[in-house]
Amino acid sequence: MAYNVEVIREACIAAGSCVVLASETFELDDENLVRIKKQNGNSDEDILMAAQSCPVNAIIVRDETGKQIWPEA
Ligand code: SF4
């Protein structure tokens, strides 16, 4: 299973927890907004934890079939 992530930059408030929990997948850019550093940079577990840590749900996680894992529908 390989999760695919999408970030909603307009929603990001630069809390940074996603970067702490999955530093190879997410990073903050010059504007201090999240961007994807590398898809699958971290384990699925860490990527999901990072997404769940986001206070504004700015990270969308899908599995390889395209099913949305987080935020829960
Ligand atoms: S946890 Fe959410 S708000 Fe914080 S940097 Fe990541 S995407 Fe942005």
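Positions are given from 1, in the same order as the sequence printed here. Counting starts at 1 for both ligands and their atoms, following the listed order.
- Judged purely by atom type and a 3.5 angstrom limit, Arg62 has no side-chain atom pairing as donor or acceptor with the backbone of Val5.
- Close approach of ligand 1 to Leu28 (heavy-atom distance below 4.0 Å) involves ligand atoms 5 (S).
- Looking from atom 6 (Fe) of ligand 1 to the surrounding protein, the closest heavy atom is Cys18 SG, 2.2 Å.
- For atom 8 (Fe) of ligand 1, the nearest non-hydrogen atom of the protein is Cys12 SG, 2.3 Å.
- To the nearest 0.5 Å, atoms NZ (Lys38) and CD (Glu27) are separated by 12.0 Å.
- Not a single donor-acceptor pair under 3.5 Å links the side chain of Asn42 to the backbone N or O of Ile47.
- Interface atoms of ligand 1 facing Ala15, defined by a heavy-atom separation under 4.0 Å, are 3 (S), 4 (Fe), 5 (S).
- When the side chains of ILVMFWY residues are joined at heavy-atom separations under 4.5 Å, either directly or via intervening members, Ile36 and Ile69 end up in a single hydrophobic cluster.
- Atom CD in Glu45 sits 11.0 Å away from atom CG in Leu21 (nearest 0.5 Å).
- In this structure, Trp70 CH2 and Ile59 CD1 are separated by 11.0 Å, a value rounded to the nearest 0.5 Å.
- Among the backbone and side-chain atoms of Cys54, an N, O or S atom lies under 2.8 Å from atom 2 (Fe) of ligand 1.
- Protein heavy atom nearest atom 3 (S) of ligand 1, with residue, atom name and distance: Ile13 N, 3.3 Å.
- If you take SG on Cys12 and CD on Glu31, they are separated by 10.5 Å, rounding to the nearest 0.5 Å.
- When heavy-atom distances to ligand 1 are checked against a 4.0 Å cut-off, Ala14 comes that close only through its backbone atoms N, CA, C and O.
- Of all protein heavy atoms, the one closest to atom 5 (S) of ligand 1 is Gly16 N, 3.2 Å.
- Contacts of Leu33 with ligand 1, taken as heavy-atom pairs under 4.0 Å, are absent altogether.
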